[in-house]
There are 2 protein chains.
Amino acid sequence: MKPPPTDRTNGRAAPAARRRRPTIVDVAAAAGVSKSLVSLALRGDDGVNAATRARILAVADELGYRSNVLARGLVQGRTMILGVLLTDLANPYHTEVVAGVEDTADANGFTVLLAHGRRDRRRLEQQLDALLQLNVDGVVVISSWLEPQALTDAARRAPVVVVGRPPRQPAGVDTVANDDAAGAAAAVDHLARLGHERIAHLAGTARPASRARSDGYRATMRRLGLTHHTAVVEIGDASRHRAQAAAELLSGGTPTAVFAVNDMAALAVLDQAHAMGIAVPERLSVTGYDNTVLAETVRPRLTSVDQPRTVMGRLAVDMLLERFSGRTADRREVLAPDLVIRDSTASAPRR
Amino acid sequence: MKPPPTDRTNGRAAPAARRRRPTIVDVAAAAGVSKSLVSLALRGDDGVNAATRARILAVADELGYRSNVLARGLVQGRTMILGVLLTDLANPYHTEVVAGVEDTADANGFTVLLAHGRRDRRRLEQQLDALLQLNVDGVVVISSWLEPQALTDAARRAPVVVVGRPPRQPAGVDTVANDDAAGAAAAVDHLARLGHERIAHLAGTARPASRARSDGYRATMRRLGLTHHTAVVEIGDASRHRAQAAAELLSGGTPTAVFAVNDMAALAVLDQAHAMGIAVPERLSVTGYDNTVLAETVRPRLTSVDQPRTVMGRLAVDMLLERFSGRTADRREVLAPDLVIRDSTASAPRR
DNA sequence: CTGTTAGCGCATTCAT
DNA sequence: ATGAATGCGCTAACAG
C-alpha cells in the first residue's frame with residue numbers, strides 16, 4: 001500500500017494545474033441563469049424560453065460541458081452503466097461475448113465497463129463488488145467460477161446475468177448458455193457420418209461445460225452403437241499436459257477421429273499428430289469446440305462447434321433490460337450451437 | 001434509448017427485494033456506537049478502547065460491511081481505482097499489458113477497471129470520459145489512436161500514461177513504448193547473420209509503430225549494404241489483404257527471408273508459403289513482431305520480436321504513482337525489445 | 001416561465 | 001467518544 005494520490009483540486013494551485021471539468025453551475029454562471037434552468041434546457045424540457053435555451057446550449061457546448069453520470073445516478077438511482085465481469089481477458093471466447101453485450105448496451109444508451117478476474121475466484125468476487133459499488137445498473141458475468149451464493153448476493157444489489165454454465169443454478173440470477181450436449185452430439189454425428197468408428201475424446205477439466213460436453217460425447221457414442229470409443233483423458237490447463245494427453249490418446253486404440261473438448265485441446269491433437277507423422281485429415285480427423293480465432297488460424301483449419309457468442313452477449317443485456325422493466329422470475333436460456341466444418345475433418349481412412 | 005431501470009431501494013417492497021448493502025450507520029447502530037467511532041476503529045485509530053474496537057470489528061464482519069469506494073472517494077478526493085482504456089480487447093498484446101498494470105496496481109492497493117474502445121476513436125474518447133467521470137485516480141491508455149489533444153485534456157483531470165506509440169507526443173501525459181527501430185534491426189540482423197540477403201518486408205498500415213518498424217528495416221538493410229531488399233507492401237487490416245500482400249511479396253524478387261511487421265502478417269506469409277509449396281524454414285525464413293500467443297501456436301513456431309509487455313504495464317502504473325506523489329515533468333520511456341528465436345528462421349538456402 | 005432550495009448516497013473529519 | 005458539517009454534481013419540488 002504505497003502513498004496514495006495527494007492532489008486535491010481545491011486549495012492553491014496544484015502542481016499539474018488539474019482542471020475541474022465544467023459543472024452545471026459553471027454553465028449556469030456563464031449563461032447567467034440558474035442551474036435548474038440549465039438542467040431543464042439540457043434535457044429538452046418544454047417550459048424553457050427558446051432563446052434562453054439556445055443560449056444555454058451554446059454556452060454548454062462552448063464550455064464542453066457534459067453531465068456527470070455518477071452525480072445523476074446519485075439522484076436518479078440509476079447510472080446507465082452496465083458492468084461486465086470476466087474470468088479471463090485473454091480468452092477470445094469471452095471477448096466475443098463482450099462484443100454482443102456492447103452492441104445491445106450501446107443501442108440502449110448504456111455504457112459498458114469491464115472488470116477482470118484473472119482466473120481467480122477471490123478476485124472475481126472483489127471485482128464484482130467493485131462494479132456494484134459503482135452503482136452499475138446491472139452486471140453480466142462471463143464466468144462459471146463464482147459461487148451461486150456470491151451471485152445471488154450480488155443480484156440483490158443489481159440484476160445479474162451469467163453467461164456460461166454455473167455449477168448450480170443460482171437463485172435470483174438469469175443465465176445464458178449454449179447446449180454443450182447438443183454441440184458434442186453435432187460433432188460426433190458429423191464424424192460418424194464420415195464413416196469414423198474409433199472416435200476418441202480429449203476431455204477437459206472439471207468445469208461444468210467440459211463435463212457436459214463429455215457427457216454428450218458418451219451419450220452420442222452410445223446412441224450410435226459405437227462402443228469402441230477409445231479413451232477419455234483428463235487434461236489440465238498447462239499446455240504440456242495437453243500435449244501429453246494428446247500423445248496418450250493417439251497412441252492407445254489408434255482412433256481415426258478425435259472430438260476435442262475445445263479448440264486449444266484440438267490444437268494439441270493437431271500438433272501431436274504432426275509430430276507422430278499422422279496426416280490430418282487424411283488419416284485423422286479432428287474437431288474442436290468454441291470456434292475461436294484459433295480454428296481459423298491453424299493448419300489445417302479446424303472444424304469446430306460454434307457457440308453463438310455475440311448473440312449470447314446481446315441476449316444477456318436483453319435480459320438485464322427485462323429486469324429493469326420489472327421482471328422478477330428467473331430466466332434461463334440455452335442456445336443451440338452450430339458445427340462449422342473446415343479442413344480438419346474428412347472421410348474415415350479405409351482399413 | 002429504452003426505458004431505464006426504475007427500481008428504487010426506498011419506497012415499499014421492491015419486486016426483487018433489492019437489499020441495501022450495510023453502511024457504516026448500520027454497523028454503528030448494531031454496535032451501539034456512533035458512526036465516527038466505527039470509522040476510527042475500522043481504520044485502526046489508536047484512540048479507540050480495545051474492547052470497543054473488538055466489538056465493532058466483530059459486528060462489521062458479521063454484517064459483511066465493506067466501506068464504499070465512491071463515498072470514501074468523495075471525501076478523500078481519491079478512489080483507489082485505476083482505469084485502463086484499450087483499443088481492442090481481442091488483441092492479446094493489449095491484454096498482456098493489462099496483466100502488468102494489474103500486477104502493480106494490486107501491489108499498491110488499487111482496483112483496476114477496464115474500458116473498451118472497439119477500434120473506434122470516438123468510442124475511445126467516450127470511454128476515456130466515462131472513466132474520468134468515475135473519478136479514477138489515473139488512467140493507462142493502451143492505444144495509439146487518441147488525439148494528443150484528447151489525451152492532454154484528460155491528463156488535466158487525472159494522470160494519464162499512454163502505452164504504445166502515439167503519433168505525436170502529447171503534453172502532460174507520460175508514455176511507455178518499445179523501441180520499434182531496434183526491434184526491426186534485431187530481426188533483420190538475425191536474418192543477415194543466417195546468410196540471408198534477399199530479405200523482404202511485409203509492412204503494416206500507417207500506424208506509427210508500423211512505420212517505425214519499416215523505417216528500422218530500411219535503415220538496417222542500408223547499414224548492412226543489402227540494396228536488394230525486395231518489396232514493401234502496404235497491407236490493410238483485412239486478412240484477405242494480408243494474404244494478397246504476402247502472395248505478391250513471395251512472387252516478386254524471390255526473397256529467402258521475410259521480416260513481417262507483426263505476427264498476424266507473418267502468419268499470412270507462412271500460409272502463403274505453404275500454399276506455394278515453399279518450405280519454411282528450409283527455403284524461406286520468416287520473422288514476426290510482438291511475440292503473441294500466435295507465435296507459439298503456428299507451425300513452425302514463429303521467431304518474433306518480443307515487447308516486454310508485462311513490464312510496460314507495470315512501468316505505466318509506476319509512472320502513475322509518481323504523478324500521485326507530485327512529479328510534474330513528463331516522462332517518456334522507451335524499452336528495448338527482445339528477439340525470440342524459434343523454428344521459422346534458419347540459414348539461407350545455398351543457391 | 002424562471003429561480004431557489006433541499007436533498008440523493010456514504011464515509012471522513014472537525015468541532016465539541 | 002460523539003454529533004454536525006463536508007465533500008461531489010445533479011435533479012425534483014416548490015416558490016416566485
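Convention: sequence-line order gives letters A, B, ...; per-chain numbering from 1.
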At under 4.0 Å, does any side-chain N or O of A:Y65 touch on OP1 or OP2 of D:dG9? no

Look at A:R323 together with A:D330 and state whether they make a salt bridge at an N to O cut-off of under 4.0 Å. yes

Strictly by modelled atom types, are B:R314 and B:T310 linked by a side-chain donor-acceptor pair under 3.5 Å? no

Measure CG/A:L70 against P/D:dG7 and give the value in whole Å, please. 18 Å

Interatomic distance, B:L40 CG vs D:dG3 P [rounded to whole Å]: 13 Å

Taking 4.0 Å as the cut-off, does a side-chain nitrogen or oxygen of A:R72 come that near to OP1 or OP2 on C:dC8? no

Rounded to the nearest angstrom, tell me the gap between atom CG in B:D45 and atom P in D:dT2. 14 Å

Could you check whether B:G73 gets within reach of a base, just the sugar-phosphate, or nothing at all, counting any heavy atom under 4.0 Å? nothing

Once you round it to whole Å, what is the distance between P of D:dG9 and CG of A:L42? 16 Å

Check the phosphate of D:dA12 against A:R43, side-chain N and O only, distance under 4.0 Å to OP1 or OP2. Yes or no? yes

Spacing of A:T175 atom OG1 and A:L315 atom CG [to the nearest 0.5 Å]: 10.0 Å

Starting at atom CD1 of B:I56, determine the distance to atom C1' of D:dT2, rounded to an integer number of angstrom. 12 Å

What nucleotide among C:dG3, D:dT11, C:dA11 has an atom nearest to a side-chain atom of A:K35? D:dT11

For D:dA12, does either OP1 or OP2 sit under 4.0 Å from a side-chain N or O belonging to A:Q76? yes

In whole Å, I'd like the distance from the CZ atom of A:R53 to the P atom of C:dT2. 11 Å

Note: A:R66-B:D129 ion pair, threshold 4.0 Å (strictly below): yes

Quick one: label B:V48 by what it contacts on the DNA or RNA (base, sugar-phosphate, nothing), any heavy atom closer than 4.0 Å. sugar-phosphate

Length of the line joining B:L37:CG and C:dC14:P, which is rounded to integer Å: 16 Å

Nearest-0.5 Å distance that lies between atom CD in B:Q133 and atom CD in B:Q127: 11.0 Å

Go through C:dT12, C:dG9, C:dG3 for me and flag the one nearest to the A:L74 side chain. C:dG9

When you measure from the side-chain N and O atoms of B:T23 to the phosphate of C:dG9, is any distance below 4.0 Å, counting only OP1 and OP2? no

DNA chain D: B:A71 or B:T52, which has the more 5' nearest nucleotide? B:T52

note: A:R55, atom CZ; C:dT2, atom P; distance rounded to Å ~ 9 Å

For C:dT2, take OP1 and OP2 only and decide whether either is under 4.0 Å from a side-chain N or O of A:N49. yes

Go through the N and O atoms of the side chain of A:S36 and the base of C:dT4, and report whether any donor-acceptor pair is under 3.5 Å. yes

